[in-house]
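All chains are named by letter (A, B, ...) in the order of the sequence lines, taking the proteins before the strands, and each is independently numbered beginning at 1.
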Amino acid sequence: MSLRLYNTLTGTKEPFTPLEPGKVGMYVCGVTVYDYCHIGHARANIVFDIVYRYLKYSGYDVTYVRNYTDVDDKIIQRANERGINSTALSEEFIRAFDADMAALGLEKPTIEPKATEHIEDIIALVQKLIDAGKAYAVDGDVYFAVQSFDDYLKLSKRNLDDMQAGARIAPGEKKRNPMDFALWKAAKPEEPSWPSPWGEGRPGWHIECSAMSTRYLGESFDIHGGGKDLVFPHHENEIAQSEAASGKPFVKYWIHNGFVNVNQEKMSKSLGNFFTIRDILQQYDPEVVRFFILSAHYRSPIDFSDQNLKEARHGLTRFYEGLHAAAQVLAQCDIDTSVEANEGRELKERFQSAMDDDFNTAQAIGFLFDGVRNMNRLMSEKKFRKKKDKVAEVNALYHTLLELGGVVGIFGSEPEAWLERQKMAALADMDISAEEIEEKIAARLQARRDKDFARSDAIRDELEERGILLLDSAEGTSWKIK
RNA sequence: GGCCCCGUCGCCAAGUGGUAAGGCAGAGGUCUGCAAAACCUUUAUCACCAGUUCGAAUCUGGUCGGGGCCUCCA
């Protein structure tokens, strides 16, 4: 089966056929850099990171472009509030964004252009639209005339008459139609600006994405993504600008990710339920955050809550414990690679069929859970190490799990180190130290040697009350957080 | 008001015409000096109503409930 994806433009799942066989051009709207990124940005970027990884895994040569919007009303306003220039502000938050994305384990896009470095492209595009009669200049502003573009609102499936009925022209704007939108804004005093045929000014919000995507991917390309909230007006306006200028279809597949809610409510600053990526990573491992996001389909809303994150951590722990056990056992076995192993191959096929179905990561993760259970089941069989065929299956499952996890950006850590890190992080919030636990373990070991099981159990019970579980094994006693 | 989405086991979450994946939590069991992990067994007819169909969680209509976009927003 080959990849199918849900296209916002047509409202259906479609087979994915790139414009040029074997190659994919993908543009994703990045962030406006005036503040730290929140969990919603994390989701959007992780979703498209997975799309990028999976397309590459499927054999496509992918050009992934994700922009920085570094000139904008909010940036100017924030810079003024802080008394610094807007370039300094945007550079600060570009660095912060890069650090956050790196911390979340995202791959770097092929190209990460900035709006301010493409002013010439933007001006050329605006001029082209004016020349074509699709846009008009008024006192240094330039507006796109929506009525000149018949397909306007085809993405968001709205009706222009209805929209106009409720639309208002803001004071200071000189639009012919309330729905017209700015391509170029005349500079106000103290604002960053560039010379243009219409006077000093700066680009409107939407035009930069049309200019930059065309610059790097051409006038028509395969995939354009972003959050659901960008469908209107941002992406609608991009289509209008680009198609009015080129006369060609702009984008073949539009992909939009769903929102993040916090404790069932929409996340917003006014509700005070706003979490930055930095806040979250203080508390949760980056892979846990990714695993959590993977656990739901990318178009569904997802509820960010402490309980859900803890469940995600539980789930990931199950994988890492299984991978750890398998690595240890396999290291002590003779692995006969000539023995045919079907489990790994079947797991891979199932995983791919889920991902091919509009990136159904929730289903794919379910299959990975099946894989780890099969692996554990085989390992728990009696005399497992002497059964060549079973060892070969476990070996295949182990490597397949690592490979497939890599496709969605999980299982990238060394299991023992990962488990240890989770343990120590949790211990930091408890009123017991690793040293104290080790002392108790030593005391219990002596009691066990003396066959004083009452005392041994008393130590176990005491630690358990304090949240520590002791684990006995042939190699000795270790511990974990209850 | 316009457009759109959702309502599946205690919780999270797949499934879009053939009779309900998976995870967490729960119960019982195997293993263990005791425990943990692991493994096995076990827990749903899909908000409600009416239709279409041999057959529907899945299609149509309606009701109730929740959410989003329509101004900046991932």
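- Taking atom P on both B:C54 and B:C48, the two are 24 Å apart, rounded to the nearest angstrom.
- The same atom, P, is picked in B:G61 and in B:U42; the two are 40 Å apart, to the nearest Å.
- Separating the C1' atom of B:C64 from that of B:C49 is a span of 10 Å, rounded to the nearest Å.
- Side-chain atoms of A:Asp472 come within donor-acceptor range of the base of B:C34, with a qualifying N/O pair under 3.5 Å.
- Closest to the A:Ala362 side chain, of the nucleotides B:A13, B:G33, B:G23, is B:A13.
- Rounded to whole Å, the C1' atom of B:A57 lies 8 Å from the corresponding atom of B:U45.
- B:U16 and B:A74 have their P atoms separated by 31 Å, with the value rounded to a whole Å.
- Minimum atom distance to the side chain of A:Gln307 is reached by B:C11, of the listed B:C11, B:G2, B:A13.
- With P as the reference atom, B:G68 and B:A35 are 49 Å apart, rounded to whole Å.
- Rounding to the nearest 0.5 Å gives a distance of 13.0 Å between CZ of A:Phe291 and CD1 of A:Ile46.
- Looking at A:Arg158, its side chain has no donor and acceptor atom pair within 3.5 Å of the base of B:C70.
- Rounded to whole Å, the P atom of B:U63 lies 15 Å from the corresponding atom of B:C3.
- With hydrogens and angles ignored, a donor-acceptor pair closer than 3.5 Å exists between the side chain of A:Arg444 and the base of B:G33.
- Counting only residues at least two apart or in different chains, ring pair (Phe, Tyr, Trp, His ring centres under 6.0 Å) contacts with residues 394-419 of chain A comprise A:Phe319-A:Phe411, A:Tyr320-A:Trp418.
- Rounded to whole Å, the separation between the C1' atoms of B:U8 and B:A14 comes to 10 Å.
- Counting any heavy atom pair closer than 4.0 Å across all strands shown, A:Lys480 reaches sugar-phosphate atoms only and no base atom.
- At B:A37, none of the side-chain N or O atoms of A:Arg318 fall inside 4.0 Å of OP1 or OP2 (strictly under the cut-off).
- Side-chain N/O atoms of A:Arg460 and base N/O atoms of B:A35 include a donor-acceptor pair closer than 3.5 Å.
- Within the shown strands, nothing qualifies as a pairing partner of B:U19 under the Watson-Crick or G-U definition with both distances less than 3.5 Å.
- Picking from B:A74, B:G33, B:G23 the nucleotide with the shortest atom distance to the side chain of A:Asp457 gives B:G33.
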